[in-house]
Structures are given as structure tokens and as C-alpha cells.
Amino acid sequence: MRLPDLRRSVTGKLAGHATEAGQPSQPSQPGQPGQPGQPGEPEPGPAASALPDLLRRAEELWDDRAPGEPVLSEVAAAVESALQARPRGRAPWLIVAGGDETQQWVDLLEGQWPDAQVVAVRPDDDVSAVHVDLTIHAPFDLVVDASDTTGEEQRVLFQRTFLHLRTGGVYVARRLVPGEPDAEPGPAPDAAPAARTLPAGDALPNEGLPFEPEFDGDLWDLLSAAQAARMRQHEDHRGLGVPFRDVAGLTTILGEVSVHRQVLRVLSARRALAKLREEEVDAVLAARPRLGERLEGRPAASWESSADYRHNRPDDPYLQRRFDVPPLSLRRYNAPTCSRGQIVASKNVLLPETFRQSWMERMGNVYVVERAPLFGSVRRDISAPDDLPGAYFHFDSEWPGHYGHLLTEQTGRMWAWDRVRELEPDVKLLTTLQHDRDPVVLHPFELDVLGAFGIAEDDVHVFERPCRPERLYTATSMWSLPRHVHPDMVRSWDRIGDHLAAGAAARERPRRLFVSRRQSLKRACHNTPDVEALFAEHGFEILYPEDHPLAEQVAAFRAADVVAGFGGSGLFTLALTDTPKEVLTIGPWTYTARNEHLIAAVRGHRLTSVWSTPDLPHPPDSWTQKAFASGFTVDLDDEGRYLRDWLDTLAP
């Protein structure tokens, strides 16, 4: 993943990555280089003594408009400060971000400080490759902004590089490139999110961080908005969504911001964590093996579902028939930090196991605060984790204790469990439970599922405080809603279903099953009794899954020829059946998850969905949790006709 041409090093060999400096750089004193707002020449010192050489080298490298004393003084002061702050023998790490003048700046810095490691970042460089390369060598001491193209590109380069600085690191821009004259900084307060064209195979706005336009403005617009946000609560009071999150997130990272003789200088006040995707992390591990390694995996898989799907709406934009599953990886991390909500962090990196949907345009986790498009911070304090000796298998979830997430995302990792147990016979499962569960013990249905893999309650370590396992094994999930499901997922489901069905009582069970849903749950149907009565008239037995042991639920689903019900986790036991079923789901069209559709795709169920009008719709081209959980009423005159037609087609 690394781009060799990104970095030029006079020393030739990159021996190890940079480490966090011990103390932030101290503010300059009056009269010293880098002190904003102070007239006159800098006092003699290491930085000042470098200025004549820098000025001479700049004149040789630039044909015209060579950088002058104001910016070179700031650069010299930052580098000399980094040399003093770095542990003995560690060279400073510098970034040059910009357009046509980037190479001159690289040559200038390497010529003046031959031991410095300099990385060049240009606007048209591959974003992922640059992020990986910077993450490998972070934290950096200095970013020199050599932007000479557009104001928007300067702002984007700032967002990609500034958060890779160490605490006390310095960002210096020779000049602020203005934005478009008629452009407004950021979206208008009442503007609707812009529509977008999605790549083939991508979902529409769905779970996680919904798409909204990035901050629209130049660098000064962004910094000004962040400075203004310091003066008020960090709330999205204008409905700006993602752009405002980036602004609010930046406020905690910004240190001193100053402009002196047209030179912008910004200090980094704290580190953020770089988010890494599945396709990025292995390159980082290869370069930083102390973090861990990829042990083995399975290749990517592409397949197309032939399962029959019908519904009562003109179209279903969330339906996918082709699934492109990325490679699956089994990894071992050395002493990472784990926290509630499937957080896995190590050395200022948020590892991909943190994100249920690491393929999304913008990865999110409810336990992560957005700082910038590629960075976040954990909401909890994870600075003093509890040490856990031994080996653990990561089984935590952003939504722990939820049957649906257990049977899909979490079970999707179990393809690697037997192999991990071969490597580490004493390995334990590592997870959290709901924060308010009392007592703090696993539910019977959780033990039932884990029992299929030979996992007893004593094999599970439940943690509440952040912890640091000595060795943490992780596996890419075969399930990532709504993008993909691996066809081999059925092997784990068969294992669970067979294990549970063997424990169910032998008796006759109904051939038609209606899985209902109580009013206390989200997506409640307001006229549930009327809907239940309609299905009861057609020979369906009404089942509330939570009233029965999981083994009995599995036996009931396996015995039925037809399964209908309200969409949601109550129907997920369809994954544990051993033959294809005739299936019907009922729900509001704001329920965009499509779990039942992915289950049907691999199980071969014939699926019909009846969509009703929700109490609360999603905003145009966006998605909200409230609309996703909205209640609804089945219109028995409208949707009722579709339901009766479907019921009439069933075999007697």
C-alpha cells in the first residue's frame, strides 16, 4: 500500500518509525523566531543561524517568488525545536503538503537537515496510500504547507496531514490560498444535504454516519469556524451534520493559531487516532510489526443471489443481489487497548475491528468522536487500561447483547475460532455486555449460541473497564450490513442451528408461523392485533420469540413451511433453518437494514416484503436513527390487499 515516491530520505534507510515526543514545544518568547505579532529580526540562536542557509538554498531552488524570511524563520524554529524535543538520535519527521512547489520544499528541507525524514503529500495522491504511509511514521513534527493551487485543496491537505502531528507539532503555511470568490464557507444553515451519485454496489444512506457534504470552504473558513465553535457548546445547532462534526472535532486538536506577516502557524494541542480500514491495516502491521501481524485468511469472494424477492413498492433501492466480499483476515495484535463498543486501538490508531462497516465512505462508531474524515477519538478515557495476561478472541460488539448483531456480525467472525483455539488452547472470548445489564452475566441465548462452538461461560471474559489483552486475535466478519454476506456464513449458522435443534423437545409443530413484535420495542406496529388476526385466520400460529428458549425457536422455524412476521431480530432465526422457507416481512419503509434479505440470499428463502408508511420518514437523501426506529400502521385496505393476495397463493 505504501507509495515509494511519497518519501525521500537522504539517509537512505528508514530505521523505525517516529515516537511521541515527551513534551509539547514551548511558545516562542518575544523576539524569537516564530513569535506571532512581534516585529523585528529574530535574536541569535539555532533557528536564526539556519536562516541564511535556508534563504540561500531557497534562492537557488526557486526561479522566482522564493520563500522569504517570515516563513523560513517559522520553519527553522519548528525544526530546531523538534531536534531538541526528540529523543537522542531520533531525526525529525516532516511533511510537505502542496502542489507544484512541493519538490522544491522537500529539497530545501533535506538540504538543510540531511537527517530529517521528509514525506511529500500532493492533492492528487491516492488518499488511502498517503494515510497509510503517514500512519506508519506518525507522529510528525512539522507540516510545511506548500499549497499553490486552490483554497479547497489547501483545506483538504490540512485535514489529511495536521492530525498526524505530535502534540506540540507545528503546521506552517507560507500563504493562505483563497477559496472561490462566490463560495460560501460551509453549507447554508437550512440547506438540504446534497445528492450524490453512488458507486455501483454501494448502499444508499443507511446505518452509521449518513452521507452529507464535506465542509465547503478554504482553510481559513475551517479554522475560523473551529475557533468560533470553541465559544459555544459543541452541538449541531444548525443541522449541518458531518461538516459541523469536523469543525467541532477540530476545536480540541487546535492549539495556538496565529498569522504573522502572512504566514499561518498552527500548533497541535493533542493527538487523534487515525482510522484504518481492512485493506489498509496490513501494510501498517508489516511496517510496524510490534503492533501485530496478519496470520492467515481467505480470499475475496464475489457471488450473485438468485433468491426470489418481491415487494409492494415501485422499487427497493436497498436491495442488493451481487455481493463482493473482501478478503477475510485472521490477525493477532500485541497488547492493543480494547474498550466498550468493539473499540480496538493501538499506538494512536483505531484498528478496523472498531468499525462494523469498515467499507463505508466514512467509517463511524457511536463510541468514537469524529475529529476529521480520517480521524477520531474514543469517547471513554482509555489511557489506563487493565492488563489482561494471555490470549483473547475479539467478540465485542458496538451493540452487545442484541440477538440480531450476535447472529450476524459477531457470529460472522467465528469462521476463525477453531484455528485460534489450535494456536492458543487456553484462549478466551473477549466481550462486553449492555452497560445497564444487571446482573452482569451472559443471557441464556448468548450461551446457547456460543455453546455450538464449544464455548462455556468460563471461556468468556466480560470486561467493563478498558483493558489491554496481552494477545488479541481478531477475524474479519463474513457479515457487514448492507454490503455483503459471505456464502460460507451458512457453515456457522448450520453449526448453531443443529446444536440447538438437538436440544429441543420432539413434538408436532405448526407449518405456518407468524413472528410478532411487542409495542414496547422500536418499529412497533400500532395495529398489531388486527395484523395478527388476519394471519390467524389463515392458519398461522402467533409466536413471540422472547417467550421461548432459543432451542424451541429454532425447532419452530425449522418445522414451518411458511414464516411471516414483523421485520427485525425476531425473524433472524431464519438464518438457522435447514431448508428454504416461504417468508414474508412487514415493516416501515424507513427500516433500511435488509437483514432478512441477506439471510434469504444465502439460505435460498423466497422472500416477500410488505412496506408500510412510517410515522417519521427519513430526511431527503439522508438517514436518521429516529426514522429507522419509527413506528407504523399497516393499512389493511392498501397493504392489506397485497397481504391477502400473498396469503391466497400459499399451498394448503
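All values below were derived from every heavy atom in this structure, side-chain atoms included, with hydrogens, water molecules and symmetry-related copies excluded.
Within the model, atoms CZ of Arg290 and OG of Ser346 stand 12.0 Å from one another, a figure rounded to the nearest 0.5 Å. Distance OG1/Thr431 to CG/Leu442: 7.5 Å, rounded to 0.5 Å. From Thr432, atom OG1 reaches atom CD of Glu464 across 9.5 Å, with rounding to the nearest 0.5 Å. Within the model, atoms CG of Leu407 and CD1 of Ile599 stand 6.5 Å from one another, a figure rounded to the nearest 0.5 Å. Annotation: the span from Arg421 atom CZ to Phe393 atom CZ amounts to 11.0 Å, rounded to 0.5 Å. Annotation: the span from Leu276 atom CG to Leu351 atom CG amounts to 6.5 Å, rounded to 0.5 Å.
Looking only at side-chain heavy atoms (C-beta outward), Pro545 and Thr573 stay at 4.5 Å or farther from each other. When side chains are defined from C-beta on, Val531 counts as touching Phe566, because their heavy atoms get closer than 4.5 Å. Put simply, the side chain of Leu550 does not reach to within 4.5 Å of the side chain of Pro444, judged on heavy atoms. Contact check for Pro614 versus Trp589: side-chain heavy atoms found under the 4.5 Å cut-off.
For Arg518 and Tyr544, the positive end sits near the middle of the six-membered ring, less than 6.0 Å away and at most 45° from its axis.
Below 30°, between 30° and 60°, or above 60°: for His597 and Trp611 the angle between ring planes is below 30°, a parallel geometry. Classified by interplanar angle (parallel below 30°, tilted 30° to 60°, perpendicular above 60°), the ring pair Phe628/Trp623 is tilted. Ring geometry, Phe375 versus His131: the interplanar angle exceeds 60°, so the pair is classed perpendicular (tilted spans 30 to 60°).
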**Study point:** Pair Thr590-Ser630, side chain to side chain donor-acceptor pair (under 3.5 Å): steps then yes or no
**Key:** CA-CA 7 Å; Thr590 48; Ser630 174; 4.9 Å; no
Exercise for review: For the pair Thr476 and Arg413, evaluate side chain to side chain contact (heavy atoms under 4.5 Å, CB included) and give the outcome as yes or no after the intermediate values.
Suggested key: CA-CA 6 Å; Thr476 311; Arg413 306 174 201 163; over 6 Å; no
Exercise for review: Evaluate the criterion ring pair (Phe, Tyr, Trp, His ring centres under 6.0 Å) for residue pair Tyr473 and Tyr392; output intermediate values, then yes/no.
Suggested key: CA-CA 6 Å; Tyr473 290 85; Tyr392 297 83; 9.9 Å; no
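Using a cut-off of 4.0 Å between Lys/Arg side-chain N and Asp/Glu carboxylate O, Glu370 and Lys275 are scored as salt-bridged. Under the 4.0 Å criterion applied to side-chain N and carboxylate O atoms, Asp308 and Arg606 are not assigned as salt-bridge partners. With respect to the salt-bridge test (charged N to carboxylate O, under 4.0 angstrom), the residues Asp316 and Arg310 do not qualify. Under the 4.0 Å criterion applied to side-chain N and carboxylate O atoms, Glu552 and Arg507 are assigned as salt-bridge partners. Salt bridge Asp458/Lys428: absent, no basic N to carboxylate O contact under 4.0 Å. Electrostatic pairing of Glu541 and Arg512 does not count as a salt bridge here, judged by no charged N lying under 4.0 Å from a carboxylate O. Taking the charged nitrogens against the carboxylate oxygens, Asp282 and Arg277 have no contact shorter than 4.0 Å, which rules out a salt bridge.
Within the 3.5 Å criterion, the main-chain N or O of Ser569 finds no donor-acceptor partner in the side chain of Asn595. Checking side-chain atoms of Trp646 against main-chain N and O of Arg641 turns up no donor-acceptor pair under 3.5 Å.
Heavy-atom neighbours of Glu293 CD from other residues, nucleotides or ligands within 6.0 Å: above the threshold of 12. Within 6.0 Å of NZ in Lys347 there are 12 or fewer heavy atoms belonging to other residues, nucleotides or ligands. Atom NE2 of His548 sits in a crowded spot, with more than 12 heavy atoms from other residues, nucleotides or ligands closer than 6.0 Å. For CZ of Arg491, the number of neighbouring non-hydrogen atoms (other residues, nucleotides, ligands) closer than 6.0 Å is 12 at most.
Nearest heavy atoms, Pro469 versus Leu430: CG-CD2, 4.2 Å.
When the ring pair (Phe, Tyr, Trp, His ring centres under 6.0 Å) test is applied to Phe323, the partners found at least two apart in sequence or on another chain are Trp303. Checked against salt bridge (Lys or Arg N to Asp or Glu O under 4.0 Å), Asp615 has no partners two or more places apart in sequence or in another chain.
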